[in-house]
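All remarks here apply to the structure that follows.
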2 protein chains.
Amino acid sequence: MHSTAEENYIKAIYKLSGGGTNAVSTTGLSETLQTKPASVSDMLRKLSAKDLVHYVKYHGVQLTAEGQRVALKIIRKHRLWEVFLVQKLHFTWDEVHEVAEQMEHVKSELLIQRLDEFLGHPRIDPHGDPIPTEAGELREEEQRVLASLAIEQKGVVCRVKDSQPAFLQYLNRVGIQIGTQLQVVDKIPYDNSLEISINKSKSVILSSDVLEKIFVINP
Amino acid sequence: MHSTAEENYIKAIYKLSGGGTNAVSTTGLSETLQTKPASVSDMLRKLSAKDLVHYVKYHGVQLTAEGQRVALKIIRKHRLWEVFLVQKLHFTWDEVHEVAEQMEHVKSELLIQRLDEFLGHPRIDPHGDPIPTEAGELREEEQRVLASLAIEQKGVVCRVKDSQPAFLQYLNRVGIQIGTQLQVVDKIPYDNSLEISINKSKSVILSSDVLEKIFVINP
DNA sequence: ATTAAAGTTTAGGTTTGCCTAAATAAATTT
DNA sequence: AAATTTATTTAGGCAAACCTAAACTTTAAT
């Protein structure tokens, strides 16, 4: 099997390339992985030798078909563990990531099959991100960015794009979670912020930055 | 924190020393850990520098108080995960160990607290071994080895001393699990084997080797 | 009490995954 | 188009955790 380090590189390449197709830069990877560019070059040579990536010196990397398969498996594990932590162990959004990051590297096909079953085959994780199927397929639902809603339009939060603790804690304070009912009360053209009512009660004003990170589906 | 390798050494020392008090040999450790004696010497120097063990060259190791604390924490994690795998994910006895061996190294206090709560604060694992408390205490129940029962005496399986897949599969075939009701039907003095009835029905003959590995409590 | 055998440690080497510093390639400016 | 800046790679090293082979202790046997 692959080492934890290899798996983390593959996951990072997958994420930076937005699904595996676009080429990813050495510096980008080094930032995501908190390592130096030289270390990335090192690892890319190794991953290339294992045919997990297409690597052309000085011109970035892409995942091979096999690399994508591996990436989706890791993401599946990560997201299933996140669902477990939130739904069964009552972790909050912002406590989940670090732990799931460790659990995703546990090697056992049976474990993941059984976990999936135990959780009732969930389709999205606590951040609203889709969970790849056992076959390695990612089925997306139609989502709109909160910033795109018109006045009076409603939506249910299905996803946030930023999983940094500070951001998740902010959303908790405001009262926004996956599943929260939102409605646009007013638009403030000055800075593109919106006044949003949360669960049909209190309303808050969200900056355009935040509005771009929250996704909703039809209620 | 400690590395996975360090944790495995500490666990092995704890087990071989029967709770931390007796000195353990380099060869013993190398066999348990499937490494060479030279590698063990290496690691013992490191663990000693971290004050996790008392190590006197050529005269074996013991865990320090801190080392014992660490050992019990790892064992607690391992056994809680085993309970989870068996009770929630319907793993069988013999599928559990390898996976728990990986999960026990996940670092998160909160995770273990919540897992313990989720499982209802279990006192023994699926092998009947006691689960150390959060405070690091091991409370034992009175147990007898199956080999020590007289004819007609009864017991409930609470523990087996061997967790090798082959042995656990053998017990599964025979129909013995934690919680199984046993009764001694007859003694065979020739080789110290016993005829045992299982759950008040079918009876089998167990060798003295096997009898030494199964523990029971009063029914 | 020697000597032989068994157990243990040291010395020196390997792989993995990282590092810094120097060299090289690509992109951007002028 | 040449020069400079930025990005990337190579070279050489380091720590962890393992290895083999050689040296050294301890134990057991004579």
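What you see is a predicted model, and the numbers here were worked out from it, not measured in a lab.
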Geometric cation-pi criterion, B/Lys161 with B/Phe215: 6.0 Å, 45°: no
Distance under 6.0 Å and angle within 45° of ring axis: B/Arg114 vs A/Phe91: yes
Distance flag, aromatic centroids of B/Tyr14 and B/Tyr9, threshold under 6.0 Å: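 Not close enough - the centres of the two rings lie 6.0 Å or further apart.
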Heavy-atom protein contacts under 4.0 Å, nucleotides 22-28 of chain D, coded B base, S sugar-phosphate only, - none: --BSS--
Per-nucleotide protein contact string for nucleotides 15-21 of chain D (B base, S sugar-phosphate only, - none; heavy atom under 4.0 Å): -SBBBBB
Between [N] ([atom2]) and [X] ([atom1]): distance, integer Å:
{"X": "B/Glu31", "N": "C/dA6", "atom1": "CD", "atom2": "C1'", "answer": "13 Å"}
{"X": "A/Lys50", "N": "C/dT15", "atom1": "NZ", "atom2": "C1'", "answer": "11 Å"}
{"X": "A/Glu7", "N": "C/dT16", "atom1": "CD", "atom2": "P", "answer": "16 Å"}
{"X": "A/Leu29", "N": "D/dT9", "atom1": "CG", "atom2": "C1'", "answer": "15 Å"}

Could you tell me whether the side chains of [X] and [Y] share a donor-acceptor contact shorter than 3.5 Å?
{"X": "B/His105", "Y": "B/Asn8", "answer": "yes"}
{"X": "A/Thr4", "Y": "A/Glu7", "answer": "no"}
{"X": "B/Glu101", "Y": "B/His97", "answer": "yes"}

Phosphate OP1/OP2 of C/dT10: any B/Ser41 side-chain N/O under 4.0 Å: no
Test item: B/Thr133 side-chain N/O and B/Glu137 main-chain N/O as donor-acceptor pair under 3.5 Å: yes
Geometric class of the B/Phe84/B/Phe118 ring pair [parallel <30°, tilted 30-60°, perpendicular >60°]: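 Tilted: the ring planes of B/Phe118 and B/Phe84 meet at 30° to 60°.
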